[in-house]
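First up is the structure itself, then whatever we jot down about it.
Below, read A as the first sequence line, B as the second, and so on, with proteins coming before strands; counting in each chain starts at 1. These figures come from a predicted structure and were not determined experimentally.
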Amino acid sequence: MLGPTHEEMFTLLVKDLYSSYKDLPVSLYQIQTKYRDEARPRAGLLRGREFLMKDSYSFDIDDAGLAKSYQDHRDAYERIFQRLRLPYVIVKAMSGAMGGSMSEEFLAPIEVGEDTFVRCTKCDYSANTEAVATGALPADTNTYDAPVAFDSPNCPTIASLVDYLNTHHARSDRAWTAADTLKNVVLQLRQPDGSTEALVVGVPGDREVDIKRIEAQVSPAEVEPMDDASFAKHPGLVRGYIGPQVLGTESATGVRYLLDPSVVPGSEWVTGANKKDTHVLHLVNGRDFNADGTIEAVEVAAGDPCPTCGGAMEIARGIEIGHVFQLGRKYADKLGLTVLDQNGKQVVVTMGSYGIGVSRAVASIAEAFHDELGLKWPRAISPADVHVVVTGKKDDDISVAAEKLATELEAQGLEVLIDDRVGVSPGVKFKDAELLGIPTIVVVGKSLADGNVEVRDRHAGTNEAIAVGTAVAHVVSLVRSGS
RNA sequence: CGGGGUGUGGCGCAGUUGGUAGCGCGCCUGGUUUGGGACCAGGAGGCCCGGGGUUCAAGUCCCCGCUCCCCGACCA
């Protein structure tokens with residue numbers, strides 16, 4: 001079966017096979033061709049419609065069991081990526097369409113990656129941008145003046161409003177900036193059944209809203225900007241001059257209103273007065289208006305505070321190479337996967353789902369391990385252990401010695417690639433060997449006259465003369481050491 | 001599905017104000033070479049993406065298709 005993931009198949013399989021708590025926990029895995037109907041495949045192996053994926057599924061009787069299965073997989077994945085020598089970070093992630101709770105992604109931090117994540121420069125916090133939780137920020141305890149409405153002709157945008165403020169209502173301490181303004185973005189939620197609901201999200205005026213991030217929190221609803229037709233249904237919303245005084249389910253308009261957590265309780269804002277060409281100063285959150293709640297809404301930016309330590313966060317790109325998450329009982333419930341527990345009662349099984357993109361891991365490795373000359377395979381997955389380059393002519397001393405060396409290396413259980421092409425100049429063979437990127441290259445050639453072969457390390461770029469007599473042992477120990 | 005490119009020997013490309021197609025690599029033959037992508041000599045190979053049009057004349061100008069690539073939407 002060619003599918004995007006195989007949760008259903010595995011749930012049904014386990015339902016068929018097992019019926020007792022004694023059969024659990026159990027984890028099943030496969031390495032399979034998967035298919036995704038990508039709108040636009042790109043980036044070679046990184047993003048095709050067909051790809052190779054290792055996926056596994058765990059089945060447990062209770063939450064503690066699931067937590068252990070999850071941790072076991074997470075640990076195993078760490079060991080796999082360490083062995084591959086693939087640099088990775090583990091980031092908090094959204095579980096997406098499949099639901100569930102705990103979810104983490106393994107990202108290879110590589111510039112060309114398709115995934116954006118943040119990490120703290122002080123502590124070890126990191127998260128996919130969609131999953132960043134701002135956490136609770138301290139409330140603003142200052143006392144502010146009462147709200148004052150003022151005329152603000154031709155100021156439908158934040159930039160024009162800031163200009164106007166600095167010209168006509170200059171502050172004594174500093175200039176007004178976009179960060180002093182409260183921007184209220186009108187969106188609508190489209191539920192799977194097609195129904196829509198207006199939603200206004202308030203963010204500081206210097207920040208953009210991240211629709212994907214919002215969407216991740218209101219799933220399965222989709223988020224879109226409000227169109228003209230829907231705007232017409234809400235005459236209370238004055239475009240360009242929307243303020244929170246008329247927002248909220250308890251308010252005049254009845255439109256749901258959510259604030260980004262960075263708009264903390266007690267903070268004061270310049271914002272729309274719900275009347276054309278009019279804004280208002282000193283509008284305080286909690287005193288002059290109340291939202292229906294908070295929602296992570298701003299586009300995450302470099303320098304944002306870390307939710308765990310408050311340090312500055314940075315933005316980085318990565319390739320998603322693995323994903324682990326706790327599915328919970330969603331599939332088991334729907335498909336009737338239960339077992340009998342110690343008391344003879346039917347219990348719904350709880351599941352986890354864990355994947356590694358095998359083909360895209362190869363792409364990630366190529367990105368992480370190459371230089372201007374070509375690939376540099378990590379030892380653990382190199383197509384061969386050693387690449388023997390023969391620079392002599394057919395049947396001369398050099399080629400005879402090279403054949404012998406290759407045979408002996410093979411006898412030691414190594415995978416040997418030998419370049420014994422005749423009529424090809426040494427330079428060509430060297431370049432080809434570097435391009436292929438087998439970690440150890442043994443050159444049998446000129447230095448044989450001194451009783452040596454050359455052992456080159458593709459990663460380190462070193463070239464060492466080794467006596468022919470000890471070459472086999474030397475190469476074998478290099479390979480076995482995993483270096 | 002939007003936006004932008006591209007298409008010429010096997011591969012990578014050039015082709016001016018329209019004048020009947022060229023370069024590098026590769027390939028074939030002979031010879032000389034062998035420690036950083038060798039050299040000499042000779043040679044083969046093209047429906048210039050397709051269709052229509054303008055013109056005495058189109059790779060080149062105009063119109064209509066198609067291809068592949070890139071950027072978005074989408075997605076691991």
Q: Could you tell me which nucleotide pairs with B:A21 by Watson-Crick or G-U wobble geometry, both distances under 3.5 Å, or answer none if nothing does?
A: none

Q: Write down the distance separating the C1' atoms in B:U32 and B:G24, rounded off to the nearest Å.
A: 23 Å

**Q.** Donor-acceptor pair between A:Q30 and A:H6 side chains, under 3.5 angstrom
**A.** yes

Q. Looking only at atom P, what distance separates B:G3 and B:C66, rounded to whole Å?
A. 14 Å

Q) If the C1' atom of B:U55 is compared with that of B:U17, how far apart are they to the nearest Å? A) 15 Å

Q.
Please give the distance between the P atoms of B:G65 and B:U29 as a whole number of Å.
A. 48 Å

(Q) Does the protein touch nucleotides 28-40 of chain B at the base, only the backbone, or not at all? Give it as B, S and - per nucleotide, heavy atoms under 4.0 Å. (A) ------BBBBS--

Q. Contact class for A:G48 vs. all strands (heavy atom < 4.0 Å): base, sugar-phosphate, or nothing?
A. base

(Q) Using the C1' atom as the point on both nucleotides, what is the distance between B:A44 and B:U54, in whole Å? (A) 37 Å

Q) Do A:S56 and A:K54 have side-chain N/O donor and acceptor atoms under 3.5 Å apart? A) yes

(Q) Less than 4.0 angstrom from a charged side-chain N to a carboxylate O is my criterion; do A:E208 and A:K183 meet it? (A) yes

**Q.** Donor-acceptor pair between A:T271 and A:N184 side chains, under 3.5 angstrom
**A.** yes

(Q) For B:C74, give the paired nucleotide (Watson-Crick: N1-N3 plus N6-O4 or O6-N4; G-U: N1-O2 and O6-N3; both under 3.5 Å), or none. (A) none

Q | Those residues that, when tested against A:Y241, pass ring pair (Phe, Tyr, Trp, His ring centres under 6.0 Å) (two or more places apart) | A | A:H279

Q) Could you state the OH-P distance from A:Y35 to B:C74, rounded to the nearest angstrom? A) 19 Å

Q) With both distances kept under 3.5 Å, what pairs with B:A41, Watson-Crick or G-U wobble? A) B:U29

Q: Answer with yes or no whether the side chains of A:T121 and A:E314 bring together a donor and an acceptor at under 3.5 Å.
A: no

Q. Counting just side-chain N and O atoms, does A:R40 come under 4.0 Å of either OP1 or OP2 of B:G2?
A. no

Q | Length of the line joining A:R42:CZ and B:G4:P, which is rounded to integer Å | A | 18 Å

Q) Using the C1' atom in both, what is the distance from B:C27 to B:G10, to the nearest Å? A) 8 Å

Q: Quote, to the nearest angstrom, the C1' distance that separates B:G26 from B:U67.
A: 25 Å

**Q.** Check: A:S58/A:H73 side-chain N/O donor and acceptor closer than 3.5 Å
**A.** no

Q) When rounded to the nearest Å, what value does the distance between C1' atoms of B:G9 and B:G4 take? A) 29 Å

